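Everything below concerns the one structure shown next.
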Amino acid sequence: MREGIIYKALSGFYYVDSRGESFQCRARGVFRKKGLTPLVGDQVLFQIENETDGYITELKPRSNELKRPPVANINQVLVVMSAKEPEFSKNLIDKFLVIVESFDIAPCLIVTKKDLLNDEQIAVIEKHLADYEAIGYRTYFVSNLEDQSALSKILVDGINVLSGQSGVGKSSLINAVKPNSNLETGVISSALNRGKHTTRHVELIQVDGKYLADTPGFSALDIAHIDKYVLKNCFPEFAAREEQCKYRECLHVNEPACAIKDAVQSGDIMQSRYDNYLQLMNEIETRKARY
Ligand code: GDP
Ligand code: ZN
């Protein structure tokens, strides 16, 4: 029995990386009976049949999973925002950060297209990034044109996934670190082109021993799975202070003696973060009212 990680799933086959060796595996019926489908990112035990093939016998419990892209056990989501074109938006950054936090995954923040700004505009963005650093998020300010390998320094050990609205430079970041000649990928994409349906297919690529999903995730900002008590925990700077709120179940909206509102007043919590919190809270409340 060997241990490995599924880096690609295609047409009923699971491709498992086991200490640098690749095996094409099928899953045994036992998972189907349990209603479990192996996902890219799953840690598995598998039985070797020959030099290239095997079958998966066991899935290890997942620490988290995303639907888009369908990947499990993610160690970091890189929230990508452009400095310009499309316009820099703290509102969108906060929404993306909340969604990542809600899946129990650590986010970091990358701002791209630094080359499109003058010094004054750069200073403005840098100030915003310092505010996010103060919350505890790692931030990066890059130009994909000037630094082709920007991404390789940002990836953490394990599995990394990019997210962010369309046009911010996600594909540019991924393409810059993609191995340029991957025979296997070529064979598979021509096989896919012949088929009629365009199955969305995600693959983990290796960059300096770290994994990166080659397909970015959730550009749509769906918060349907988040309720208001989950929401407040998706703002780490709130969660860190809420023991000082008078009420244990404080939602930091209308309650008296709220440490979060005090911290916003004194400038210790960003006004924009609090405003975006209220806006998301409002979205959650209206959603509830509709049913
Ligand atoms: P995606 O939709 O997030 O995958 O974004 P793309 O990677 O397709 O990039 C959208 C456009 O922005 C493309 O025309 C890229 O060439 C351009 N782009 C990406 N990163 C940068 C950057 O750092 N600076 C500049 N000037 N353009 C960039
Ligand atoms: Zn409070």
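Just follow the structure's listing: the first ligand is 1, and inside any ligand the first atom is 1. Note that the coordinates shown come from a computational prediction; the quantities given were computed from them, not determined experimentally.
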- Query: Where does the angle between the aromatic ring planes of Tyr277 and Phe238 fall among parallel (under 30°), tilted (30 to 60°) and perpendicular (over 60°)?
  - Reply: perpendicular
- Show your reasoning for whether side-chain hydrogen bond (donor to acceptor under 3.5 Å, both in side chains) applies to Tyr140 and Thr112. CA-CA 8 Å; Tyr140 303 88; Thr112 57; over 6 Å; no
- Item | For the Zn ion (ligand 2): the N/O/S atom of His252 at shortest distance | ND1
- Message: By the ring pair (Phe, Tyr, Trp, His ring centres under 6.0 Å) test, which pairs, at least two apart or in different chains, include something from residues 144-165?
- Response: none
- Do Glu85 and Leu116 have side chains that get closer than 4.5 Å, going by heavy atoms? yes
- Under the side-chain hydrogen bond (donor to acceptor under 3.5 Å, both in side chains) rule, collect the residues that match up with Ser102, sequence neighbours excluded. His225
- Around ligand 1, what residues show up once you keep those with a heavy atom under 4.0 Å from it? Lys113, Asp115, Leu116, Ser143, Asn144, Leu145, Gln165, Ser166, Gly167, Val168, Gly169, Lys170, Ser171, Ser172
- Task: State which residues pass side-chain hydrogen bond (donor to acceptor under 3.5 Å, both in side chains) with Asp131; sequence neighbours excluded, sorted by chain then number.
- Result: Lys127
- Query: Vertex the Zn ion (ligand 2): angle to SG of Cys258 and SG of Cys245, to 10°?
  - Reply: 110°
- Under-4.0 Å salt bridge between Lys232 and Glu242: yes
